[in-house]
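See below for the structure under consideration.
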Amino acid sequence: MSEIDLQIPSAFDPFAEANAEDSSAGSKEYVHIRIQQRNGRKSLTTVQGLKKEFSYNKILKDLKKEFCCNGTVVQDPELGQVIQLQGDQRKNVSTFLVQAGIVKKDRIKIHGF
């Protein structure tokens, strides 16, 4: 009998392809705008994924003045710097970032509800 090449099935990683795409130089860096429900009608809007070359505090100052809400910049160990705003400001923030030229419209992802 001749030897047959056997392929032994190995563990399949469904995220291997996605991780390989993220590490490539041409991958899209998305800005994620999310809403977090607090209690009752209260909510927080979070913005993450902005480039590190931008001044988060200046962007936050303009957002607070434009939308008449309070906010802060939070340092997260996994996500880096995250902007938090009071209230549901998802659409307002996305239009502001596009009009200011900070992010292109196709690189914004809005999450929630």
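Residue indices begin at 1 and follow the sequence shown. Predicted model only: the values in this text are computed from it and were never measured.
No donor-acceptor pair closer than 3.5 Å links the side chain of S43 to the backbone N or O of I35. Formation of a donor-acceptor pair under 3.5 Å by the Q37 side chain with backbone atoms of G40 is found in this model. In this structure, R90 contributes its side chain and G112 its backbone to a donor-acceptor pair below 3.5 Å.
For K64 and D62, the salt-bridge test fails: no basic side-chain N is under 4.0 Å from an acidic carboxylate O.
Note that CD of Q86 and SG of C68 are 12.0 Å apart. Values are rounded to the nearest 0.5 Å. A distance of 11.0 Å separates CD1 in I108 from NE2 in H32, rounded to the nearest 0.5 Å.
Contact check for Q48 versus Q81: no side-chain heavy atoms found under the 4.5 Å cut-off. Proximity of L50 to I83: side-chain heavy atoms (C-beta onward) are separated by under 4.5 Å at one or more points.
When the shell of 6.0 Å around CD of E78 is examined, it contains 12 or fewer heavy atoms from other residues, nucleotides or ligands.
Taking the six-membered ring for Trp and thresholds of 30 and 60 degrees, F96 and F67 have ring planes more than 60 degrees apart, a perpendicular arrangement.
Placement of V82 and L60 in two distinct hydrophobic clusters is found when ILVMFWY residues are connected by side-chain heavy-atom separations under 4.5 Å, directly or transitively. Residues V31 and I102 fall within the same hydrophobic cluster, defined by Ile, Leu, Val, Met, Phe, Trp and Tyr side chains chained together at heavy-atom separations under 4.5 Å. If you chain together hydrophobic residues whose side chains sit under 4.5 Å apart, L85 and V73 fall into the same group. Hydrophobic clustering places V47 together with F54 (ILVMFWY residues linked when any side-chain heavy atoms are closer than 4.5 Å, directly or through intermediates).
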- Message: Could you go through R38 and L44, starting from their C-alpha distance and side-chain angles, then the distance that decides it, and tell me whether this counts as side chain to side chain contact (heavy atoms under 4.5 Å, CB included)?
- Response: CA-CA 7 Å; R38 287 187 358 178; L44 281 177; 4.0 Å; yes
